[in-house]
> 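Below is a structure I'd like to ask you about.
Just follow the structure's listing: the first ligand is 1, and inside any ligand the first atom is 1.
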Amino acid sequence: MKAFAMLGLNKTGWIEKDRPACGPNDAILRPIALAPCTSDVHTVWEGAIGDRKDLILGHEGVGEIVEVGELVRDFKVGDVCIVPAITPDWNSVEAQDGYQMHSGGMLGGWKFSNIKDGMFAEFFHVNDADGNLALLPEGLSPETATMLSDMVPTGFHAAELAGVRYGDNVVVVGIGPVGLMAVRGAVLKGAARIFAVGTRPNCVAVAKEYGATDIINYKNGSIVDQVMELTGGAGVDKVLQAGGTVDTFDESIRMLKPGGAIGNVNYLGSGEFIKIPREEWGVGMGHKMINAGLMPGGRRRMERLADMVLAGRVDPSKLLTHRFEGFDSIEEALMLMKDKPADLIKPVVSIKW
Ligand code: NDP
Ligand code: ZN
């Protein structure tokens with residue numbers, strides 16, 4: 001089969017590979033809509049998971065089932081499904097402890113283009129099909145549904161990790177597609193003011209549509225100073241990190257109130273340690289919590305999120321700024337994600353076979 005892969009560090013290209021085999025609990029799908037991700041860029045051009053040869057990229061997609069294992073109960077050939085970026089082993093002890101994203105070891109639920117090949121191929125493999133596929137409901141387009149693989153569940157997870165409550169004032173650092181979904185997640189969890197940090201005009205416009213009340217440009221000076229000025233020196237209850245750097249933790253601690261919490265879903269790609277400002281952290285007694293995690297993944301989360309889209313609670317189609325037709329456009333779509341032109345939020349590729 002034909003596939004688009006990481007050939008090595010800083011190198012991508014088209015390759016031929018064997019079609020994946022289907023185990024008794026698994027499914028094989030053909031993609032019908034795919035989206036590249038900032039994480040693919042981290043993988044190829046920033047060495048996030050080290051050097052890899054001929055690793056097929058991609059973990060955001062909707063596909064049609066072409067084969068199911070003999071133990072799969074709820075899905076059959078021909079079903080069109082949303083596939084989460086994180087596909088845990090649901091019978092693992094980690095899943096029983098409530099941390100399915102770490103099934104089999106830290107980050108072990110992240111299988112596509114990490115532990116195994118990803119979705120940018122004529123066929124791709126899904127482990128534990130009953131636990132990890134969700135039927136695409138009527139009324140939801142495959143293109144919009146690709147945003148349920150990773151962008152919506154990850155952005156919402158930032159709000160979950162921070163424990164946003166009614167009336168919280170919230171800063172969202174980074175308003176790429178993940179941060180924009182964190183903005184929406186915070187709105188749905190009852191936030192009062194939402195300070196969205198970013199600069200790209202398209203993202204700023206969509207952040208306001210999703211419910212951001214204030215926009216902060218991090219290029220105009222310290223985020224902390226701007227937040228403190230806007231809150232009369234009080235700081236905020238929650239900070240959702242969906243962009244920035246390792247130093248963002250330092251700033252986030254400084255702008256949090258005692259009792260506040262950080263929810264981080266941002267990938268931290270450099271340095272050995274993360275700095276925490278000792279005094280602003282209440283010399284260890286400030287009740288300023290730091291929660292950071294990979295999104296949960298799995299079938300029920302996709303089904304719940306799809307219900308939210310159908311009920312009009314969140315419209316992820318606003319993220320789709322660039323649309324492509326045909327499997328071969330994957331390459332152009334990924335390069336767009338790498339170069340991040342000012343008008344980009346997220347590209348999506350529609351595929352007909
Ligand atoms: P984008 O690159 O599209 O967005 C990043 C955002 O951060 C932009 O709004 C950008 O602003 C802003 N930013 C950049 N530098 C700074 C800075 N110094 N201070 C404050 N803000 C800054 O990324 P995505 O939305 O696609 O992804 C966000 C992160 O989430 C990535 O690190 C990705 O790897 C990670 N991720 C994590 C997952 C998980 O499960 N935990 C899953 C998927 C992704 P500007 O408007 O100027 O561009
Ligand atoms: Zn992704």
> Below 4.0 angstrom from a heavy atom of G243, which ligand 1 atoms are there? Numbered from 1 as shown, please.
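Numbered from 1, ligand 1 contributes 7 (O).
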> Looking at atom 26 (O) of ligand 1, what's its closest protein heavy atom, distance included?
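For this ligand atom, the closest protein heavy atom is T38 OG1, 2.5 Å.
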> Any idea which part of H42 is under 4.0 Å from ligand 1, heavy-atom wise: side chain, backbone, both or neither?
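The side chain, only.
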> Test of understanding: given a 4.0 Å heavy-atom threshold, classify the contact between V173 and ligand 1 as side chain, backbone, both, or neither.
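The side chain, only.
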> Decide, yes or no, whether a salt bridge links D214 with R193 under the criterion of side-chain N to carboxylate O below 4.0 Å.
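The answer is yes: the pair qualifies as a salt bridge.
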> For I175, is at least one N or O under 3.5 Å away from an N or O on ligand 1?
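So ligand 1 has an N or O lying under 3.5 Å from an N or O of I175.
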> Using a 4.0 Å cutoff against the non-hydrogen atoms of G293, which atoms of ligand 1 qualify?
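Ligand 1 atoms under the 4.0 Å threshold to G293: 41 (N).
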> For the residue pair T146 and K346, confirm or rule out a side-chain donor-acceptor distance under 3.5 Å.
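Short answer, no.
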> So, of the N/O/S atoms that E60 has, which is the nearest one to the Zn ion (ligand 2)?
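Among the N, O or S atoms of E60, the one closest to the Zn ion (ligand 2) is OE2.
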> Hydrogens and angles aside, do T199 and N217 bring a side-chain donor and acceptor to less than 3.5 Å of each other?
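No, because no side-chain N or O of T199 sits under 3.5 Å from a partner of the opposite role on N217.
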> Is P177 close enough to touch ligand 1? Criterion: a residue heavy atom under 4.0 Å from a ligand atom.
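Yes, P177 has a heavy atom closer than 4.0 Å to ligand 1.
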> Taking atom types as modelled, is there a side-chain donor on H125 or D26 under 3.5 Å from an acceptor on the other?
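Present: a donor and an acceptor within the cut-off.
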> By number and element, which atoms of ligand 1 are closer than 4.0 Å to a non-hydrogen atom of T199?
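Counting from 1, the qualifying ligand atoms are 45 (P), 46 (O), 47 (O).
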> Going by atom types only, do E94 and S103 share a side-chain donor-acceptor pair under 3.5 Å?
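There is no such pair (donor and acceptor under 3.5 Å, judged by atom type) between the side chains of E94 and S103.
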> A side-chain contact here means heavy atoms from C-beta on lying under 4.5 Å apart; do D339 and L336 qualify?
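D339 vs L336: side chains apart.
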> Identify, for atom 39 (C) of ligand 1, the protein heavy atom at the shortest distance, and state residue, atom and that distance.
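In this structure, atom 39 (C) of ligand 1 has T154 CG2, 3.5 Å as its nearest protein heavy atom.
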> If you take the nearest heavy atom of each of G174, G269, S39, which one is closest to atom 12 (C) of ligand 1?
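Shortest heavy-atom distance from atom 12 (C) of ligand 1: G174.
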> Quick test of your reading of the model: are K17 and D117 salt-bridged, counting only N-O distances below 4.0 Å?
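Counted as a salt bridge, because a side-chain N and a carboxylate O are separated by less than 4.0 Å.
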> Classify the angle between the aromatic ring planes of W353 and F327 as parallel (below 30°), tilted (30 to 60°) or perpendicular (above 60°).
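W353 vs F327 ring planes: tilted.
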> Taking only heavy atoms of G244, which atoms of ligand 1 are found under 4.0 Å from at least one of them?
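What qualifies from ligand 1 is 7 (O), 13 (N), 16 (C), 17 (C), 19 (N), 21 (N), 22 (C).
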> What I want to know is whether M295 and ligand 1 share at least one N or O pair that is separated by under 3.5 angstrom.
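For ligand 1, there is an N or O atom that lies under 3.5 Å from one belonging to M295.
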> Do the side chain of D315 and the main chain of S317 share a donor and acceptor less than 3.5 angstrom apart?
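At least one qualifying donor-acceptor pair exists.
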> Just give me the atom name: the N, O or S atom of D150 closest to the Zn ion (ligand 2).
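Closest to the Zn ion (ligand 2) among those atoms: OD2.
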> Pick one of side chain, backbone, both or neither for how Y267 approaches ligand 1, counting any non-hydrogen atom pair under 4.0 Å.
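Both backbone and side chain.
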> Looking at A242, which atoms of ligand 1 are within less than 4.0 Å of one of its heavy atoms?
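Taking each heavy atom of A242 in turn, ligand 1 has 28 (C), 29 (C) under 4.0 Å.
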> Just so I know, are the side chains of I215 and F195 near enough to count as touching, which here means a heavy-atom distance under 4.5 Å?
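Not in contact.
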> Under 3.5 Å, is there a donor-acceptor pair linking the side chains of S252 and Q241?
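Yes, because at least one side-chain N or O of S252 sits under 3.5 Å from a partner of the opposite role on Q241.
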> If the contact criterion is a heavy-atom separation under 4.0 Å, does A48 count as touching ligand 1?
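It does not, in that no heavy atom of A48 comes within the 4.0 Å cut-off of ligand 1.
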> Can you report which non-hydrogen protein atom sits closest to atom 3 (O) of ligand 1, along with the distance?
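Here the closest protein heavy atom is R200 NH2, 3.0 Å.
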> To which of T245, I216, D150 does the heavy atom nearest atom 42 (C) of ligand 1 belong?
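Comparing heavy atoms across T245, I216, D150, the nearest one to atom 42 (C) of ligand 1 lies in D150.
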> Does ligand 1 have any atom that is closer than 4.0 Å to a heavy atom of K340?
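Under 4.0 Å: yes for K340.
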> Got an N/O contact under 3.5 Å between V178 and ligand 1?
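Yes; the residue has a nitrogen or oxygen that sits under 3.5 Å from a nitrogen or oxygen of the ligand.
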> Say whether, by atom type as modelled, one donor and one acceptor occur between the side chain of N202 and the main chain of D343 under 3.5 angstrom.
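Such a contact is found between N202 side chain and D343 backbone.
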> What protein heavy atom sits nearest atom 14 (C) of ligand 1, and how far off is it?
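Looking only at protein heavy atoms, the one closest to atom 14 (C) of ligand 1 is Y218 OH, 3.5 Å.
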> Relative to atom 36 (N) of ligand 1, which among N266, I223, L319, V265 owns the nearest non-hydrogen atom?
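Going through N266, I223, L319, V265 one by one, V265 has the nearest heavy atom to atom 36 (N) of ligand 1.
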> Does this structure show an ion pair linking D237 with K257, if we count only N-O contacts that are shorter than 4.0 Å?
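The answer is yes: the pair qualifies as a salt bridge.
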> For N132 and W90, test the side chains for any donor-to-acceptor distance below 3.5 angstrom and give the result as yes or no.
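Yes, W90 and N132 have a side-chain donor paired with an acceptor closer than 3.5 Å.
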